[in-house]
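Nothing here was measured: the structure is a model prediction, and the numbers come from that model.
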Amino acid sequence: MSTLQGITPKQKRDVIASVTHALSSSLAVPPASVRVLVTEIPADGWGVAGVPLSDR
């Protein structure tokens with residue numbers, strides 16, 4: 001998953017656990033087979049409606 005930079009280590013742990021649970025349940029696969037990659041993007045590298053978030 002991609003997110004803006006600045007989430008805490010606890011938030012990362014929580015989202016990894018939540019995504020793992022959701023995918024495991026939805027796809028009927030064991031949690032051990034789910035991989036979650038957290039990619040933090042700087043605000044100047046993420047754009048919405050043609051404008052970097054750092055400019056909003």
Side-chain angles (χ1 to χ4, degrees):
M1 66 160 276
S2 296
T3 185
L4 288 175
Q5 281 181 331
I7 64 172
T8 67
K10 182 185 181 320
Q11 289 171 315
K12 286 180 192 176
R13 283 191 301 277
D14 290 348
V15 79
I16 289 168
S18 296
V19 169
T20 299
H21 176 73
L23 287 173
S24 175
S25 296
S26 298
L27 302 175
V29 298
S33 69
V34 176
R35 305 292 184 267
V36 179
L37 174 65
V38 178
T39 303
E40 291 187 78
I41 309 294
D44 63 352
W46 192 307
V48 175
V51 179
L53 289 179
S54 58
D55 291 351
R56 296 181 99 194

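S25 meets the side chain to side chain contact (heavy atoms under 4.5 Å, CB included) test with H21; sequence neighbours excluded.
When all heavy atoms are compared, the tightest approach of S24 to V29 is OG-O, 2.5 Å.
Linking Ile, Leu, Val, Met, Phe, Trp and Tyr residues whenever their side-chain heavy atoms come within less than 4.5 Å places M1 and I16 in a single cluster. Connection of L4 to V15 is not established within any shared hydrophobic cluster, with ILVMFWY side chains joined at heavy-atom distances below 4.5 Å, either directly or through further cluster members.
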Could you give the side-chain donor-acceptor pairs of residues 36-50 under 3.5 Å, partners two or more places apart or in another chain?
| unit_1 | atom_1 | unit_2 | atom_2 | d |
| --- | --- | --- | --- | --- |
| E40 | OE1 | G6 | N | 2.9 |
| E40 | OE2 | K12 | NZ | 2.7 |

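The CD1 atom of I7 sits 9.5 Å away from the CG atom of D14 when rounded to the nearest 0.5 Å.
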